[in-house]
Protein chains: 2
Amino acid sequence: MATTIKDIARIAGVSPSTVSRILSNKKTLSSGYAPETISKINQIAKDLNYRKNRSAIELVTKTSQVLGIILPASPTNFAQEIIAGIQKVASLHDIDVIIAYAGEDSELLQMQALKTISERSVRGILLLGITLSATNAQFLRASDIPYIFLSVAQPEPDLPFIASNDFDIGYQATNYLIMHGHREIAFVGADIPSCVGQLRLDGYRQALKDHQIAYRADYVIPGNWLYEDGIQAMNMLEKLPHLTAVVAGSDLVAAGVINRARQLHHHIPSDLSIIGIDGTALCDIIYPQLTSIQQSFYEMGVKGTEQLIRQANITSSYTPICTKKGGSVATRNKQNE
Amino acid sequence: MATTIKDIARIAGVSPSTVSRILSNKKTLSSGYAPETISKINQIAKDLNYRKNRSAIELVTKTSQVLGIILPASPTNFAQEIIAGIQKVASLHDIDVIIAYAGEDSELLQMQALKTISERSVRGILLLGITLSATNAQFLRASDIPYIFLSVAQPEPDLPFIASNDFDIGYQATNYLIMHGHREIAFVGADIPSCVGQLRLDGYRQALKDHQIAYRADYVIPGNWLYEDGIQAMNMLEKLPHLTAVVAGSDLVAAGVINRARQLHHHIPSDLSIIGIDGTALCDIIYPQLTSIQQSFYEMGVKGTEQLIRQANITSSYTPICTKKGGSVATRNKQNE
DNA sequence: TTGTAAGCGTTATCAG
DNA sequence: CTGATAACGCTTACAA
């Protein structure tokens, strides 16, 4: 049987209210108590190994110091960075974090995760790297808990998000290669049906168009942002002799392309230039080091958490992207073509 | 104002207990209700957008379907794998997961995380990759919540754990290199003061001893399991001309050693052989692919979670390790020495 | 098959 | 400055 406030009150010879006030340490109230009483209560609490009962507190106060995070079942390698940002801000405000995992594609698992989080009186919900089905989005709206999506821009205006501008990412990645003299550029490993994939592809196409480069459907090889997708993509790229550069959907995809290219005796970057997307720690670890469009993941976590904690009205915004230079892109002499 | 069971009861014209019984879906009880009543209640609940109040439920039932996880502030790259294992088992049992972050070295932050978790009526606590201070360990024992440490073996017998045998890891890594003809072997990047680091070093020394190889203190370069430690270590290894092989404390350290070695124009593995520890996905991604002593992280998560859920008495155990072969170790001709 | 009532541990309101 | 007392939303004997 766990120790309660009543136990302490009985032993100390005071009322439960007194104990509650002292233990919950409200500045305005406990300041009035005799230091003697205060230390006595604290001592007994320690002796009896007293622990607050959060359920009781949350029930009566109807508030909590908890933030809910919903993650895709297989968190991407940058989820870590976003969570670090969340964690940083949360701990600054003495706020705890609950995590629930949602299957990306299973509507049922999504709902499960939403319920898990929304049934606990959380102060806000952060949805990382997922897109909800219409039904589930409706459920979320109806919960009257503040929420914000991170890293995936949402089309509906009442689903606020903090993310990179994926069109810009696609555009800049492609443009970077064009600026280095490439005109035969593949776009591989992205999950095209997804919002993110679609926008990046749009950016890729626009960059081509702006430089009078014809779009070729066989230069687009879809995937799921995975290392294996890079491997697969490279197998197909082999058959495209004019190709000189690749936009990879993620750093992982880029790593797959690079490694498979090496196995096929193509030299990176002299035979084939590659630019990644994400700018994760992986860029420095693989060889050659990867040039990548870097996203501000940590900042997404920070900004999202601050908004939720501040309780102000939540607004969508984009975080900056920048080009992180590695050694995977070579300048191409235009005469070569 | 959120909908409660009473609201539903009032509208349906039944008592709150009826609603409670139907909504909580106890097989034994709700089976007795008229199907009509049941569907009516469910319909109203849906219409009114009813959500259970977990605080109230946990307060009255004094149990919960939640598992607490405590993570080091900067989770290692394999934490993901362990969590995946935890998540897998937990979701199978309809159990939620709460995560709190503890600063590895700060006793205060550790305590903070312990409080966070133990104040919520969790069913059990999983401690990932951390070692508690004596005071904090005592706090944990006193909480009367079942707990288990994952991935770090604990010296005290009343702190159950599931981990790899770190002595064996150190021994096998070293032995693998010896079996490939190496006798001048460095041991780098490990956090020597830690339990894990100490045990692996012991294994390393024992392997040397078993093959009549003298231990050399200048062959041991401590670190913190990080990529940067590998870089640093390689800078120092440069000055040791007889060296032919390296045991890296982690895959990340190995990646650092390899990349720095390349910059210094040493060829891997012909000039220098390297074996990593952990066997993470990174092994396949870096070049050359890394030979590594692989740990069973996923299994640690699975086994730990099952133990906690089963509520049986928790016992320590070791998960298996195996050698994952890459291309970073070369066989050395013994005559060369 | 359903209803009544007590109580989980805490805080908040209001007296004293 | 301190103490009753009532709530918070739910479950669960016990009654009917």
Side-chain angles (χ1 to χ4, degrees), chain A residues 1-41 44-45 48-66 115 118-122 144, chain B residues 1-42 44-45 48-66 115 118-122 143-144:
Chain A
M1 194 60 193
T3 311
T4 73
I5 270 190
K6 285 182 186 170
D7 299 328
I8 298 176
R10 191 164 21 79
I11 294 172
V14 298
S15 76
S17 334
T18 300
V19 178
S20 169
R21 284 187 280 245
I22 288 175
L23 254 30
S24 62
N25 200 33
K26 293 271 174 61
K27 321 93 199 134
T28 44
L29 298 171
S30 66
S31 60
Y33 281 93
E36 189 186 69
T37 316
I38 294 180
S39 67
K40 183 169 69 175
I41 298 293
I44 297 177
L48 263 51
N49 192 27
Y50 170 76
R51 317 272 165 119
K52 291 184 185 176
N53 183 323
R54 287 278 168 206
S55 303
I57 295 176
E58 287 174 7
L59 179 58
V60 67
T61 64
K62 299 178 122 177
T63 67
S64 82
Q65 300 294 68
V66 180
K115 271 194 179 141
S118 72
E119 285 175 358
R120 300 170 182 284
S121 50
V122 296
D144 87 1
Chain B
M1 194 59 194
T3 311
T4 74
I5 268 190
K6 283 184 188 168
D7 299 328
I8 298 176
R10 191 164 23 77
I11 294 172
V14 298
S15 77
S17 30
T18 299
V19 178
S20 168
R21 284 188 279 246
I22 288 175
L23 255 30
S24 63
N25 200 33
K26 293 273 175 57
K27 321 94 199 126
T28 44
L29 297 171
S30 66
S31 59
Y33 282 93
E36 189 187 66
T37 316
I38 294 180
S39 67
K40 183 169 68 175
I41 298 293
N42 281 321
I44 298 178
L48 264 49
N49 193 26
Y50 170 75
R51 318 271 166 121
K52 292 182 184 177
N53 183 323
R54 287 280 167 203
S55 303
I57 295 176
E58 287 174 7
L59 178 58
V60 65
T61 65
K62 299 177 124 183
T63 68
S64 80
Q65 300 294 67
V66 180
K115 271 193 179 144
S118 72
E119 286 176 357
R120 302 171 181 284
S121 49
V122 295
S143 74
D144 85 2

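All chains are named by letter (A, B, ...) in the order of the sequence lines, taking the proteins before the strands, and each is independently numbered beginning at 1.
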Short side-chain to backbone donor-acceptor contact, B:S55 and A:E58, under 3.5 Å: no

Please report the distance, rounded to the nearest Å, between CZ in B:R21 and P in D:dC14. 14 Å

What pair of heavy atoms forms the shortest contact from A:L59 to B:N53, and how long is it? CD1-ND2, 4.0 Å

Are the side chain of B:S121 and the backbone N or O of B:S64 linked by a donor-acceptor pair below 3.5 Å? no

Side chains of A:T18 and A:S15 only: does a donor on one sit below 3.5 Å from an acceptor on the other? yes

Please state how far atom CZ in B:R54 lies from atom C1' in D:dC8, giving the value in whole angstrom units. 17 Å

When rounded to whole Å, the CZ to C1' distance for the pair B:R10 and D:dC10 reads 16 Å

Between C1' on D:dT12 and CD1 on B:I22, what's the gap in Å once rounded to a whole number? 16 Å

Between the axis at one end of the helix from C:dT1-D:dA16 to C:dG16-D:dC1 and the axis at the other (five pairs apiece), what's the angle to 10 degrees? 40°

Sort me out a list of protein N/O and nucleotides 6-9 of chain C N/O pairs below 3.5 Å, or just none if empty.
from: C:dG9; atom 1: OP1; to: B:K62; atom 2: NZ; distance (Å): 3.2

If you look at every heavy atom in B:V66 and A:R120, which pair is closest and at what distance? CG2-NH2, 3.2 Å

Can you tell whether the side chains of A:R54 and B:E119 come within less than 4.0 Å, N to carboxylate O? yes

Could you check whether any side-chain heavy atom of B:Y50 comes within less than 4.5 Å of a side-chain heavy atom of B:I44, counting everything from C-beta outward? no

Side-chain N or O of B:S20 closer than 4.0 Å to phosphate OP1/OP2 of D:dC10: no

Integer-rounded Å distance: C:dT1 C1' and B:I41 CD1: 13 Å

Atom-to-atom span, CG of B:D7 to P of D:dG9 - whole angstrom: 9 Å

Would you indicate whether the side-chain heavy atoms of B:I11 and B:L48 approach each other to under 4.5 Å? yes

Nucleotide D:dC8, atom P - distance to CZ of A:R120 in whole Å: 21 Å

Counting distance only, does the side-chain N/O of A:S24 pair as donor-acceptor with the main-chain N or O of A:S20 below 3.5 Å? yes

Short side-chain N/O contact from B:S17 to OP1 or OP2 of C:dG3, under 4.0 Å: no

